[in-house]
Amino acid sequence: MTTRTIGEEAAKITETPGQEVVRPLDHPLSPTGGLVILKGNLAPEGGVLKVAGHNYKTFTGVAKVFDREEDAFAAVQAKKIKPGDVVVIRYEGPKGGPGMREMLAVTAAIVGEGLVDQVALMTDGRFSGASHGIVIGHIAPEAAVGGPIAAIHDGDSITVDVPRRKLTLNISAAELNKRLRKWKPRKPPYTSGVMAKYARAVSSASVGAVTN
């Protein structure tokens, strides 16, 4: 922190010759950019995967389903998450959280267990930029409104296909629709006060999780 103005600070900077701050489309820093949007029967409105610094292709694994972050974290600590698992954390979205809770603790625990390249994690909550591994957040529609993530069962097969930008629950359309018809809304975590009002008003993550 200084007492100088931004203009004064800028005047003291010496640019390093040859820096390419803005690159042409045919000569990008990375072929993928930092984020990709995955869609499919599990995320009709999309989910976000950070790919910066990685070369992800496809991952197919077995679902381990949790309805809140704390239960997923406890499972990792208890060494119940194994290579080949897809950790599913739902009811943590804009309405379900409410407020799109951050799943950094779980991803950090997975890294600590040495599983970062051996498991995937998907959630209707969000991640920070510090998260590592195959982690898909902002799944929409979220579980709290009956999105397909609410229909996943333990043991289901899930495929993350980065080149095709697909996130797929490997069951038939008929079975998925059957499960969704049986789904019933959960009791919200807040029934009064500002958090309850927020949950009622907030939109899907796919359109910014904004209130009107």
Side-chain angles (χ1 to χ4, degrees), residues 36-49 56-76 80-101 103 106 110 118-127 134-191 196 199-209:
V36 297
I37 304 300
L38 307 180
K39 291 189 175 183
N41 67 350
L42 268 181
E45 296 175 10
V48 181
L49 170 65
Y56 298 133
K57 298 299 183 183
T58 62
F59 181 95
T60 297
V62 177
K64 295 283 183 67
V65 184
F66 304 93
D67 287 347
R68 61 180 196 142
E69 178 192 13
E70 291 83 356
D71 293 341
F73 183 77
V76 177
K80 294 180 179 179
I81 304 304
K82 306 297 182 183
D85 285 342
V86 179
V87 179
V88 178
I89 308 176
R90 60 193 181 188
Y91 294 100
E92 297 286 19
K95 290 182 180 291
M100 290 196 77
R101 299 176 67 200
M103 303 295 111
V106 177
I110 288 172
Q118 301 175 63
V119 304
L121 191 153
M122 56 173 286
T123 180
D124 50 13
R126 63 185 177 89
F127 298 106
I134 307 171
V135 290
I136 304 106
H138 301 236
I139 298 291
E142 63 177 294
V145 298
I149 190 174
I152 302 172
H153 292 176
D154 279 327
D156 282 343
S157 171
I158 295 174
T159 296
V160 181
D161 187 335
V162 180
R164 296 177 60 216
R165 305 292 193 262
K166 299 287 287 184
L167 182 61
T168 305
L169 178 61
N170 297 311
I171 61 175
S172 68
E175 174 61 20
L176 178 57
N177 289 333
K178 177 182 176 182
R179 294 183 187 184
L180 290 174
R181 285 195 299 271
K182 290 183 177 180
W183 176 83
K184 294 181 180 179
R186 291 159 52 100
K187 181 180 179 180
Y190 299 92
T191 56
R200 287 194 294 268
V202 71
S203 66
S204 171
S206 64
V207 292

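Position 1 is the first residue of the sequence, and the numbers go up from there. Being a predicted model, the structure only gives us computed values, none of them experimental.
Summarising the geometry of Ala151 relative to Leu180, their closest heavy-atom pair is CB-CD2, 3.8 Å, with the distance given to 0.1 Å. Taking all atoms of both residues into account, the shortest heavy-atom contact from Thr60 to Ser157 is CG2-OG, 3.5 Å. The minimum heavy-atom distance linking Ala72 with Val87 is given by the pair CB-CG1, 4.3 Å. Considering every non-hydrogen atom in both Gly125 and Met100, the closest pair reads O-CE, 3.7 Å. Between Val145 and Trp183 the shortest heavy-atom distance is C-CH2, 3.7 Å. Nearest heavy-atom pair, Pro98 versus Pro189, reported as atom, atom and distance to 0.1 Å: CD-CG, 3.8 Å.
Side-chain N or O atoms of Arg186 include none that pairs as donor or acceptor with a backbone N or O of Tyr91 at under 3.5 Å. Of the possible donor and acceptor atoms, one in the side chain of Glu142 sits under 3.5 Å from a partner among the backbone N and O of Lys95. The backbone N or O of Thr123 sits nowhere less than 3.5 Å from a side-chain atom of Glu92 that would complete a donor-acceptor pair. Distance alone, capped at 3.5 Å, is enough to place a donor-acceptor pair between the Ser204 side chain and the Ser206 backbone. No donor-acceptor pair under 3.5 Å is formed between the side chain of Arg165 and the backbone N or O of Ile37. Side-chain atoms of Lys64 come within 3.5 Å of backbone atoms of Lys80 as a donor-acceptor pair (strictly under, hydrogens ignored). Formation of a donor-acceptor pair under 3.5 Å by the Arg90 side chain with backbone atoms of Ala143 is not found in this model. Panel note: side chain Asp156, backbone His153; a donor-acceptor pair is recorded below 3.5 Å.
None of Leu167, Leu38, Ile89 except one satisfies the side-chain contact (heavy atoms from CB on, under 4.5 Å) rule with Ile139; the exception is Leu167. The side-chain contact (heavy atoms from CB on, under 4.5 Å) test with Ile158 singles out one residue from Val62, Ile152, Ile136, and that residue is Ile152.
The closest side-chain donor-acceptor pair between Asp161 and Thr168, if any, does not fall under 3.5 angstrom.
Contact of the Ile171 side chain with the Arg179 side chain is registered, since non-hydrogen atoms from C-beta on lie closer than 4.5 Å. At least one side-chain heavy atom of Ile149 sits less than 4.5 Å from a side-chain heavy atom of Met122. Between Ser203 and Pro94, every side-chain heavy-atom pair lies at or beyond the 4.5 Å cut-off.
Note that the NZ atom of Lys182 and the CG atom of Asn177 stand 12.5 Å from one another [nearest 0.5 Å]. Distance check, rounded to the nearest 0.5 Å: CG of Leu49 to NE2 of His138 gives 11.5 Å. Atom CG of Leu42 and atom CG of Asn170 lie 8.5 Å apart (nearest 0.5 Å). Taking NZ of Lys57 as the reference point, atom CD1 of Ile134 lies at 12.5 Å (rounded to 0.5 Å). Atom CD1 in Ile110 sits 4.5 Å away from atom CG in Leu121 (nearest 0.5 Å).
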Test side-chain contact (heavy atoms from CB on, under 4.5 Å) on Val48 and Phe127 and set out the steps. CA-CA 9 Å; Val48 181; Phe127 298 106; over 6 Å; no
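Using a 4.0 Å cut-off between charged nitrogen and carboxylate oxygen, Asp85 and Lys82 do not count as a salt-bridge pair.
Residue-environment remark: CZ (Arg164) stays at or below the threshold of 12 foreign heavy atoms within 6.0 Å.
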